[in-house]
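A quick write-up on the structure given underneath.
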Amino acid sequence: DTEVTQTPKHLVMGMTNKKSLKCEQHMGHRAMYWYKQKAKKPPELMFVYSYEKLSINESVPSRFSPECPNSSLLNLHLHALQPEDSALYLCASSQGGRGSNQPQHFGDGTRLSIL
Amino acid sequence: DAKTTQPTSMDCAEGRAANLPCNHSTISGNEYVYWYRQIHSQGPQYIIHGLKNNETNEMASLIITEDRKSSTLILPHATLRDTAVYYCLGGSYGKLTFGQGTILTVHP
């Protein structure tokens, strides 16, 4: 069982829809992350939040909009996605800020399909 | 960011030690070596990490060469449940770069 909870587990949406992915952790971690994983490929870092502030944006298209409302929650807002955005979206968290080099703990992801 | 090179796949007999190598010759001085594994349809699971010294925990041991250009993950007694993709990563300040990983298959 993972201590990082992601909802929903599966999401199907059209290219004109707006939806959000949610990630929650109650381990007191102060760094949170979004990754994208295509089938049979390794995860790729998208965003890093450290102490609730955006710290890293890996040149992600603006149709993906992250939000960190508080230290336990991380959202990823989706708008006008393309079929190639279909993937597994993984959330992770780590103790301390991103500079602590503590290991990241991952959720089981949201599997997103764009029609 | 450190680039890592791992064998595409490896086999191991159940009950035997699995030794997974990783080359990270471009790793910088402040980058840690992390190992994760991923079982189908689950998120990556943290195994172990280290900077310079060898490390051991309840899951595995990590042997890092003195020049830090390579490392080996050791699963001392592999079970069928250890079948997974194993990723070796270099990273620091929260930025992890996953390589292609090694598919480890443990067979009876």
More than 12 heavy atoms from other groups under 6.0 Å of CD on A:Glu52: yes
Heavy-atom pair count under 4.5 Å with chain B, highest-scoring of A:Gln37, A:Arg111, A:Lys41: A:Gln37
Report the option among A:Pro103, A:Gly109, A:Ala31, A:Ser55 that has the most heavy-atom pairs separated by less than 4.5 Å from atoms of chain B.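 With the most close heavy-atom pairs to chain B, the winner is A:Pro103.
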Which residue out of B:Val85, B:Ile48, B:Leu96 racks up the most heavy-atom pairs below 4.5 Å with chain A? B:Leu96
Please tell me whether B:Tyr36 and B:Tyr87 form a close aromatic pair, meaning their ring centres lie under 6.0 Å apart.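 No.
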Any chance the rings of B:Tyr46 and A:Phe106 have centres within less than 6.0 Å?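 Distance test on ring centres: not under 6.0 Å, no.
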Residues joined to B:Ile63 in its hydrophobic cluster, side chain to side chain under 4.5 Å directly or through other members, sorted by chain and number, are B:Ile74
Can you tell me which portion of A:Glu44 sits under 4.5 Å from chain B's heavy atoms? Options are side chain, backbone, both or neither. neither
Under 4.5 Å from any heavy atom of chain A, what part of B:Gln38 do you find: side chain, backbone, both or neither?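 The answer is the side chain of B:Gln38.
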I'd like to know if B:Arg68 pairs up with B:Glu31 as an ion pair, taking the criterion as any Lys NZ or Arg NE/NH1/NH2 lying under 4.0 Å from an Asp or Glu carboxylate oxygen. no
